[in-house]
Amino acid sequence: MRLWHQFLYLTVFDPVHIATWNINGVKARIDTVKAWLEEASPDVACLQEIKSEDAPFPRQALEDLGYLVETHGQKGFNGVAILSKTPLEDVTRGLPGDDSDEQARFITARVTPAEGSSLPAIRVACLYLPNGNPIATEKFPYKLGWMERLLAFASEALEAEEPLVLAGDYNVIPDARDLHDESVWKGDALYQPESRGALRRLEALGYTDAVRAVSDDVHFTFWDYQGGAWQKNHGIRIDHLMLSPQLADRLTTVRVDDHVRAWEKPSDHVPVVGAFEA
């Protein structure tokens, strides 16, 4: 289920690889994270659900692999991080629009390209969108309110006309191509019309779903731990790279590293990696 899409360029530059991955607990899966970073070697990795406060985050283990690390953590829940091989500047934590929201789900930084690269700086936003279940509780309105704030951020960000990726676990299944069995998900917050509609509004603003820009095939990024979902390929696609027009124009390839789901002590999500060239 790995996807590739390539364009030809008269001049070839080393692409910048940007990844998103919900790791479902950095302490439980630090060896898995390190193994994938050593194998894939992305230039930037956006991690969600780190489930760690900033201070105890195993920063040194990732810095030893050549990454600079910025986190927005929370004890036992949520938490996001950006890893980069090149400097991270203008780091901001928290999604604007609700000063009372204490959940650590959003961090942004401007990534400086490597010396000699013709790529401009790229704004990277790492997000972990609320699940929203059960629907009949306050969790679903919180999810929808969070999405409204994300739409406001995304709309304002377009005014800067800079390359931007909104990378993360969106907890939204875009459409029927992105799940194994639609009947299983019809009552779930991840597949509600309101959730899917908000994601479509993000696209209507001008953002591009990187996976769908290169393929109409079925590609899953999450398989539950229960019921043999991985073995039966009963998955869903909820991890997305949403690109501003300035970055979508530079997209060359996308891949889903689904083989990582078969590793020892895996996350229930797998990495999605986009490659970008000048």
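Model, not experiment: these values are computed from the prediction.
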- Within 6.0 angstrom of Asp99 CG, more than 12 heavy atoms from elsewhere: no
- Taking the side chain as C-beta and beyond, is there a heavy-atom pair between His234 and Asp181 under 4.5 Å? no
- Exercise: identify the closest heavy-atom pair between Leu166 and Phe153: CD2-CE2, 4.0 Å
- Task: Would you confirm whether Gln246, through its side chain, and Pro163, through its main-chain N or O, come within 3.5 Å as a donor-acceptor pair?
- Result: no
- Message: For Gln231, I'd like to know if atom CD has over 12 heavy atoms of other residues, nucleotides or ligands within 6.0 Å.
- Response: yes
- Message: Looking only at side-chain N and O atoms, does Asp239 offer a donor or acceptor that is under 3.5 Å from a partner on Asn22?
- Response: no
- Establish whether Ile122 and Tyr67 are linked, either directly or via other cluster members, by ILVMFWY side-chain heavy-atom contacts under 4.5 Å. no
- Query: Just how far is it from atom CG of Leu247 to atom CD1 of Ile18, taken to the nearest 0.5 Å?
  - Reply: 5.5 Å
- Item | Nearest heavy-atom neighbours spanning Leu151 and Ala198 | CD2-O, 3.8 Å
- Task: Locate the shortest heavy-atom distance separating Leu47 from Cys126; write the atom from each residue and the value.
- Result: O-SG, 3.4 Å
- Query: Can you name the closest pair of heavy atoms from Gln48 and Ala167 and give their distance?
  - Reply: NE2-O, 4.0 Å
- Item | Ser84 side chain to Val44 backbone, donor-acceptor under 3.5 Å | no
- Query: Can you hop from Phe222 to Val172 via hydrophobic side chains spaced under 4.5 Å?
  - Reply: no
- Task: Please report the shortest heavy-atom distance between Tyr207 and Ala154, naming the atom on each side.
- Result: OH-O, 2.7 Å
- Message: Using modelled atom types and a 3.5 Å cut-off, is there a donor and acceptor pairing between side-chain atoms of Thr71 and backbone atoms of Gly73?
- Response: no
- Task: Check whether the side chains of Ser244 and Glu162 place a donor and an acceptor atom closer than 3.5 Å, and report yes or no.
- Result: no
- Query: Is there a side-chain contact between Trp21 and Asp257, using heavy atoms and a 4.5 Å cut-off?
  - Reply: no
- Task: Evaluate the side-chain proximity of Leu88 to Ile82: yes if any heavy-atom separation is below 4.5 Å, no if none is.
- Result: yes
- Query: How far apart are the C-alpha atoms of Trp185 and Leu179, what are their side-chain angles, what is the distance that settles it, and do they pass the side-chain contact (heavy atoms from CB on, under 4.5 Å) test?
  - Reply: CA-CA 8 Å; Trp185 294 93; Leu179 42 71; 4.1 Å; yes
- Within the distance-only criterion (no hydrogens, no angle test), does the side chain of Lys143 pair as donor or acceptor with the backbone N or O of Asn131 below 3.5 angstrom? yes
- Message: Has Tyr225 got a side-chain atom pairing as donor or acceptor with Asp268's backbone, closer than 3.5 angstrom?
- Response: yes
- Any donor and acceptor pair, going by atom type alone, linking the side chain of Lys85 with main-chain N or O of Ser41 inside 3.5 Å? yes
- Message: If hydrophobic clusters are built from ILVMFWY residues whose side chains come within less than 4.5 Å, do Ile135 and Trp146 share one?
- Response: no
- Item | Arg105 charged N/C atom sitting above Tyr128 aromatic ring, 6.0 Å / 45° | yes
- Message: Please report whether the ring centroid of Trp263 lies less than 6.0 Å from that of Trp36.
- Response: no
- Task: Apply side-chain contact (heavy atoms from CB on, under 4.5 Å) to His17 and Arg255, showing your working.
- Result: CA-CA 10 Å; His17 291 87; Arg255 73 174 194 265; 4.2 Å; yes
- Task: Find out whether Glu70 and Ile107 are in side-chain contact, i.e. whether some heavy atom of one side chain is under 4.5 Å from a heavy atom of the other.
- Result: yes
- Query: Do the side-chain N and O atoms of Asn233 and Trp223 include a donor-acceptor pair separated by under 3.5 angstrom?
  - Reply: yes
- When you measure from the side chain of Asn171 to the backbone N and O of Leu129, does any donor-acceptor pair fall under 3.5 Å? yes
- Quick one: does Arg237's side chain get under 4.5 Å of Val211's, heavy atoms only? yes
- Please answer: with hydrophobic residues joined when any side-chain heavy atoms are less than 4.5 Å apart, are Val272 and Ile173 in the same cluster? no
- Item | Which atom of Asp224 lies closest to which atom of Arg261, heavy atoms considered | O-NH2, 3.2 Å
- Could you please spell out the steps behind the side-chain contact (heavy atoms from CB on, under 4.5 Å) verdict for Leu127 and Val80? CA-CA 7 Å; Leu127 64 96; Val80 286; over 6 Å; no
- Task: Given side-chain contact (heavy atoms from CB on, under 4.5 Å), test Val256 with Phe220 step by step and report yes or no.
- Result: CA-CA 8 Å; Val256 178; Phe220 300 145; over 6 Å; no
- Query: Any side-chain heavy-atom pair from Glu194 and Phe140 closer than 4.5 angstrom?
  - Reply: yes
- In this structure, OG of Ser52 is separated from CD of Glu49 (nearest 0.5 Å) by 12.5 Å
- Is it the case that Asp64 and Gln60 place a side-chain donor and acceptor less than 3.5 Å from each other? yes
- Query: Do Leu202 and Met242 come within less than 4.5 Å of each other through their side chains, counting heavy atoms only?
  - Reply: yes
- Message: Just by distance, no angles: are the side chains of Glu39 and His259 close enough, under 3.5 Å, to form a donor-acceptor pair?
- Response: yes
- Query: Is there a donor-acceptor pair under 3.5 Å between the side chain of Thr108 and the backbone N or O of Val124?
  - Reply: no
- Between the OG1 atom in Thr208 and the CG atom in Leu251, the distance rounded to the nearest 0.5 Å is 8.5 Å
- Passing option when Arg212 is tested against Asp178, Asp217, Asp175 for salt bridge (charged side-chain N to carboxylate O under 4.0 Å, His left out): Asp178
- Exam field: side chain Lys51 to backbone Phe77, donor-acceptor pair closer than 3.5 Å: no
- Examine Leu83 and Leu241 and state if one hydrophobic cluster contains both, with Ile, Leu, Val, Met, Phe, Trp and Tyr joined whenever side-chain heavy atoms are less than 4.5 Å apart. no
- Query: How far does CD1 of Ile23 sit from CD1 of Ile30, to the nearest 0.5 angstrom?
  - Reply: 7.0 Å
- State plainly whether the residues Arg123 and Asp90 are in salt-bridge range, i.e. N to O under 4.0 Å. yes
- Value rounded to 0.5 Å, distance of NE2 in His72 from CD in Gln103: 10.0 Å
- Side chain of Gln74, backbone of Ala104: donor and acceptor closer than 3.5 Å? yes
- Query: Under 6.0 Å from the six-membered ring centre of Tyr191 and within 45° of its axis: does the NZ or CZ of Arg196 meet both?
  - Reply: yes
- Query: Arg177 versus Asp216: any side-chain heavy-atom pair under 4.5 Å?
  - Reply: yes
- Query: Cut-off 3.5 Å, side chains only: do Asn24 and Ser267 have a donor facing an acceptor?
  - Reply: no
- Item | Rounded distance [0.5 Å steps], CG in Asp258 versus NE2 in His219 | 9.5 Å
- Query: Are the charged groups of Arg29 and Glu264 less than 4.0 angstrom apart, N to O?
  - Reply: no
- Message: Would Lys75 and Asp54 count as a salt bridge (Lys or Arg N to Asp or Glu O under 4.0 Å) here? Give the steps.
- Response: CA-CA 9 Å; Lys75 185 176 181 179; Asp54 294 335; over 6 Å; no
